Structure formats: structure tokens, C-alpha cells
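Right, one structure below, let's go through it.
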Amino acid sequence: QVQLVQSGGGLVQAGGSLRLSCAASGRTSRIYAVGWFRQAPGKEREFVAAITWSGHMTYYADSVKGRFAISRDNAENTTSLQMNSLKLEDTAVYYCAATKVAGTVVAPREYDYWGQGTQVTVSS
């Protein structure tokens, strides 16, 4: 089993920055990639970004490309999402997730383990 514990998030004005972190523990050797997803009220959970456990490959949704950056700290088994130039439409609950399977990283159904979620609210 893999456990994911999230930290970070909160309230920020539009144009500001926030950083989310996701600490993995347990059988982390089974992880192929860690992804970040978000879900706004009344909407489906959507892909934000992902990074392979090795850190060699990163993936971003078009809506966040150039504003968000995903990174790994191998020593700490932590994956972070730096969010800059935040927009009102970035408001959502953000989840980190881990998948054991190599391949597509954008579909929530491909992920086996999920963090507890953290609220990000961008105000005008």
C-alpha cells in the first residue's frame, strides 16, 4: 500500500502563488508516476500535472502550462506543485494521486492511491 499526505493550499488573490506538496510513504517502489488533479464544485475531476517517479518526464494540462510546475524530491519522497499566476478558475480541491501502471497519466481511473485533498481558493 501507498499512503499520500498533502499539505499546502489555502486562499490567495488572483495573480498570486501557492505551493502544494504530497508526501508518499509505504511501498513507494511500486509507483510509476504521481499526478495532481483538481475538482471544482459541480465539475468532474480533471488532470492538472504529473511526473514520473524518476522525475524524468512531466506532463501538464494546457490550462496550467507555463504557470504551474511539478517537481520531485527523491530524498523526501515528496512531489510538489508550484502554482504561479493563479486565476479565479484555478479554484478547486486539489488531489495528488499515485499510479502503479506505466502509460497514460491523465485519467483519474488509472490512479491507485489518492491524497486527502486540499482546498485552493483564488479570489479577485
Side-chain angles (χ1 to χ4, degrees):
Q1 286 284 43
V2 173
Q3 295 79 41
L4 302 174
V5 177
Q6 298 178 222
S7 60
L11 174 65
V12 66
Q13 285 191 322
S17 299
L18 282 175
R19 187 177 182 87
L20 305 180
S21 292
C22 177
S25 62
R27 301 186 67 177
T28 57
S29 60
R30 306 179 72 183
I31 298 175
Y32 168 73
V34 175
W36 286 94
F37 293 80
R38 65 188 181 186
Q39 189 164 19
K43 294 188 176 182
E44 293 187 352
R45 191 167 298 188
E46 65 172 359
F47 171 75
V48 175
I51 186 167
T52 52
W53 192 248
S54 65
H56 292 160
M57 298 292 292
T58 58
Y59 308 84
Y60 295 95
D62 289 342
S63 59
V64 306
K65 205 169 290 183
R67 300 189 297 122
F68 290 12
I70 190 170
S71 61
R72 291 258 312 118
D73 182 333
N74 289 331
E76 299 291 331
N77 278 349
T78 299
T79 304
S80 297
L81 184 69
Q82 178 66 40
M83 305 184 292
N84 300 323
S85 302
L86 282 161
K87 304 176 180 180
L88 297 179
E89 52 264 40
D90 294 318
T91 295
V93 177
Y94 283 70
Y95 299 88
C96 69
T99 178
K100 299 181 293 185
V101 180
T104 180
V105 295
V106 303
R109 66 179 181 273
E110 298 294 337
Y111 286 77
D112 307 285
Y113 309 101
W114 291 84
Q116 79 274 22
T118 187
Q119 179 70 45
V120 170
T121 302
V122 183
S123 65
S124 58

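Please read all numbers here as calculations on a predicted model, not as lab measurements. Index from 1, following the sequence.
- For Cys96 against Gln6, the heavy-atom pair with the smallest separation is N-OE1, 3.1 Å.
- Under the 4.5 Å side-chain heavy-atom criterion for ILVMFWY residues, no single connected hydrophobic cluster contains both Val64 and Tyr95.
- No chain of hydrophobic side-chain contacts below 4.5 Å, direct or via other Ile, Leu, Val, Met, Phe, Trp or Tyr residues, connects Val93 to Val122.
- Minimum interatomic distance between Gln1 and Gln3 (heavy atoms only, all atoms of both residues): CB-NE2, 3.6 Å.
- Leu4 places none of its side-chain heavy atoms less than 4.5 Å from the side chain of Gln116.
- Here the closest heavy-atom approach between residue Ser124 and residue Leu88 is recorded as N-CD2, 3.5 Å.
- Residue Leu11 holds its CG atom at 9.5 Å from CD of Gln119, rounded to the nearest 0.5 Å.
- Atoms OG1 and CD1, from Thr79 and Ile31 in turn, are 7.5 Å apart once rounded to the nearest 0.5 Å.
- Counting all heavy atoms, side chain and backbone alike, Val120 lies closest to Met83 at CG2-CE, 3.9 Å.
- Taking a 6.0 Å sphere around CD of Glu89, one finds it holds more than 12 heavy atoms contributed by other residues, nucleotides or ligands.
- Other residues, nucleotides and ligands contribute over 12 non-hydrogen atoms within 6.0 Å of the NZ atom of Lys65.
- Within the structure, ring-ring contact (aromatic ring centres under 6.0 Å, His included) contacts touching residues 33-81 (residues at least two apart or in different chains) are Phe37-Phe47, Phe37-Tyr111, Phe37-Trp114.
- With sequence neighbours excluded, the residues satisfying salt bridge (charged side-chain N to carboxylate O under 4.0 Å, His left out) with Arg67 are Asp90.
- If you take NZ on Lys100 and CG on Asp112, they are separated by 4.5 Å, rounding to the nearest 0.5 Å.
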Please test Arg38 against Leu20 for side-chain contact (heavy atoms from CB on, under 4.5 Å), starting from the C-alpha separation and ending with a verdict. CA-CA 12 Å; Arg38 65 188 181 186; Leu20 305 180; over 6 Å; no

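- In this structure, Thr52 contributes its side chain and Met57 its backbone to a donor-acceptor pair below 3.5 Å.
- Here the CD1-CD1 distance, from Ile51 to Ile70, works out to 5.5 Å after rounding to the nearest 0.5 Å.
- When all heavy atoms of Arg19 and Ser80 are compared, the pair lying nearest together is NH2-CB, 3.4 Å.
- Closest approach of Val106 to Pro108, counting heavy atoms only: O-CD, 3.6 Å.
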side-chain contact (heavy atoms from CB on, under 4.5 Å) for Glu110 and Tyr32? Distances and angles first, verdict last. CA-CA 11 Å; Glu110 298 294 337; Tyr32 168 73; over 6 Å; no

